[in-house]
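Here is the naming used below: chain letters follow the sequence lines, and residue numbers restart at 1 for every chain. No experiment lies behind these values; they were computed from the predicted model shown.
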2 protein chains.
Amino acid sequence: MSGTHTGVPSVLEHELPHPVPADELAACPVEDVFRRVGDKWSTLLMILLGNRPHRYNELHRAIDGISQRMLTRTLRGLEADGLVRREVHPTVPPSVEYSLTPLGRTLLEPLSALADWAVLHEAEINEARSRHADAQRR
Amino acid sequence: MSGTHTGVPSVLEHELPHPVPADELAACPVEDVFRRVGDKWSTLLMILLGNRPHRYNELHRAIDGISQRMLTRTLRGLEADGLVRREVHPTVPPSVEYSLTPLGRTLLEPLSALADWAVLHEAEINEARSRHADAQRR
DNA sequence: CCGTATCCGATTTGATACTG
DNA sequence: CAGTATCAAATCGGATACGG
């Protein structure tokens, strides 16, 4: 292969067919995961639950700005994919505990790698944006 | 720290403030990057450009299903963040070459890690979804 | 060849009110 | 406490037509 970044083998390293059938990385699991990473609350919730289990209102108070609707929706989505476990304790009043599943924990690692990249290269990105804004202004 | 996944140090490993000020991981660079990963075409474009530089219509033909509008918009966004370089060759007819910048190349690695995770755990996710769909049906 | 402009439907997110 | 229901706003993405 020509000039790829490191040489790390990866599913992304294989030469892609042309044209890409709009499936190869679309209906395949990669897009699902990428989409989840991109949505507004999923990763933040996973990070909080990675620290320790939380109850519903605890998450609601912890996040500042999330609506009940989105909190519930996001948790349900994570639960459906097996990343988060929801445990209902039949007490009065009811208490519901959310936690990461083992599968969810394994996702934290690549997520952290991506977050670390973002922090590490923040300055470069901001400089590029400044240059681009300057170039646009004329 | 209690029961985190591996022990890898990461920006995500630090205990978060409660409540999260809606900035800590929101206006900070992490959300920008996560959003980009989640959008429909950015990563696919970066993968193609990671193989080799491409011209505009070459990308358009390569991707199958992308509109000119989104191709242009996505490339411009990647360019603004310094991930992709756009070189115009003043020939007739004009030719424009897109390629990854060095910064863009460094992003391929965490992206690949995430994609590999998705492929590796595809079965588990699908099983979780089946179970969840079953549980919902009653 | 390499785009831009315009319009429109689909999806995402939030605000608000209400409930077992 | 832990949600649901409903409505509205914002954003995303695609189709089509046109331009340098």
Side-chain angles (χ1 to χ4, degrees), chain A residues 19-20 22-23 25-27 31-32 34-45 48-49 53-81 84-99 132 135-136, chain B residues 19-20 22 25-27 31-32 34-45 48-49 53-80 84-99 132 135-136:
Chain A
V20 175
D23 293 17
L25 279 137
E31 184 174 26
D32 283 348
F34 281 19
R35 288 268 181 183
R36 183 173 297 292
V37 168
D39 86 18
K40 193 163 184 179
W41 305 110
S42 285
T43 50
L44 180 51
L45 279 172
L48 288 174
L49 296 179
H54 285 70
R55 294 176 56 173
Y56 181 89
N57 275 339
E58 198 175 5
L59 290 169
H60 196 199
R61 283 188 299 271
I63 288 189
D64 185 70
I66 195 172
S67 61
Q68 282 190 317
R69 171 182 150 82
M70 287 314 296
L71 178 54
T72 302
R73 264 183 59 93
T74 307
L75 286 169
R76 291 287 191 276
L78 293 168
E79 192 198 355
D81 282 0
V84 160
R85 171 168 36 239
R86 175 177 181 267
E87 278 176 296
V88 183
H89 300 104
T91 59
V92 220
S95 103
V96 180
E97 188 175 76
Y98 292 93
S99 55
H132 195 256
Q136 286 304 79
Chain B
V20 175
L25 279 136
E31 184 174 27
D32 284 348
F34 281 20
R35 287 270 182 183
R36 184 175 297 292
V37 168
D39 85 21
K40 192 163 184 179
W41 305 111
S42 285
T43 49
L44 180 51
L45 279 172
L48 288 173
L49 297 178
H54 285 69
R55 294 176 55 173
Y56 180 88
N57 274 341
E58 198 177 5
L59 290 169
H60 196 196
R61 283 188 299 271
I63 287 188
D64 183 70
I66 194 172
S67 61
Q68 281 192 319
R69 172 183 149 82
M70 287 314 295
L71 178 54
T72 302
R73 263 183 59 94
T74 307
L75 286 169
R76 292 286 190 277
L78 293 168
E79 192 197 355
V84 160
R85 170 166 39 238
R86 174 175 182 267
E87 279 176 295
V88 182
H89 300 106
T91 57
V92 223
S95 101
V96 180
E97 188 175 78
Y98 292 93
S99 56
H132 195 257
Q136 284 306 78

**Report entry** Interatomic spacing from CD in B:E58 to OH in B:Y98 - rounded to 0.5 Å
**Finding:** 12.5 Å

Query raised in the report: How many angstroms lie between atom NZ of B:K40 and atom CG of B:L45, to the nearest 0.5 angstrom?
Result: 12.5 Å

Minimum-distance nucleotide (side-chain atoms of [X] versus [options]):
X     : options                : value
B:W41 : D:dG14, D:dG3, D:dA2   : D:dG14
A:K40 : C:dG14, D:dC1, D:dA15  : C:dG14
B:S67 : C:dG14, D:dG14, D:dC12 : D:dG14
B:M70 : C:dG14, D:dG13, C:dT4  : D:dG13
B:R61 : C:dC1, C:dC7, C:dT13   : C:dC1

Has [X] got a side-chain N or O lying under 4.0 Å from the OP1 or OP2 atom of [N]?
X     : N      : answer
B:R69 : C:dT4  : no
A:Y98 : D:dC1  : no
A:R76 : D:dG3  : yes
B:R35 : D:dC12 : no

[atom1] of [X] versus [atom2] of [N]: gap in Å, rounded?
X     : N      : atom1 : atom2 : answer
A:I66 : C:dA15 : CD1   : P     : 11 Å
A:E31 : D:dG13 : CD    : C1'   : 12 Å
B:D64 : D:dG14 : CG    : C1'   : 14 Å
A:L71 : C:dA15 : CG    : P     : 14 Å
B:E97 : C:dC1  : CD    : P     : 15 Å

Query - Along DNA chain C (nearest heavy atom to each residue), the more 5'-positioned of A:D39 and B:P94 - result: B:P94

Query raised in the report: Given the P atoms of D:dA17 and C:dC2, what is the spacing between them in whole Å?
Result: 22 Å

Query raised in the report: So, the side chain of B:Y56 versus the backbone of B:Q68: is there a donor-acceptor pair under 3.5 Å, distance only?
Result: yes

Query - N/O donor-acceptor pair under 3.5 Å between B:R86 side chain and B:L75 backbone - result: no

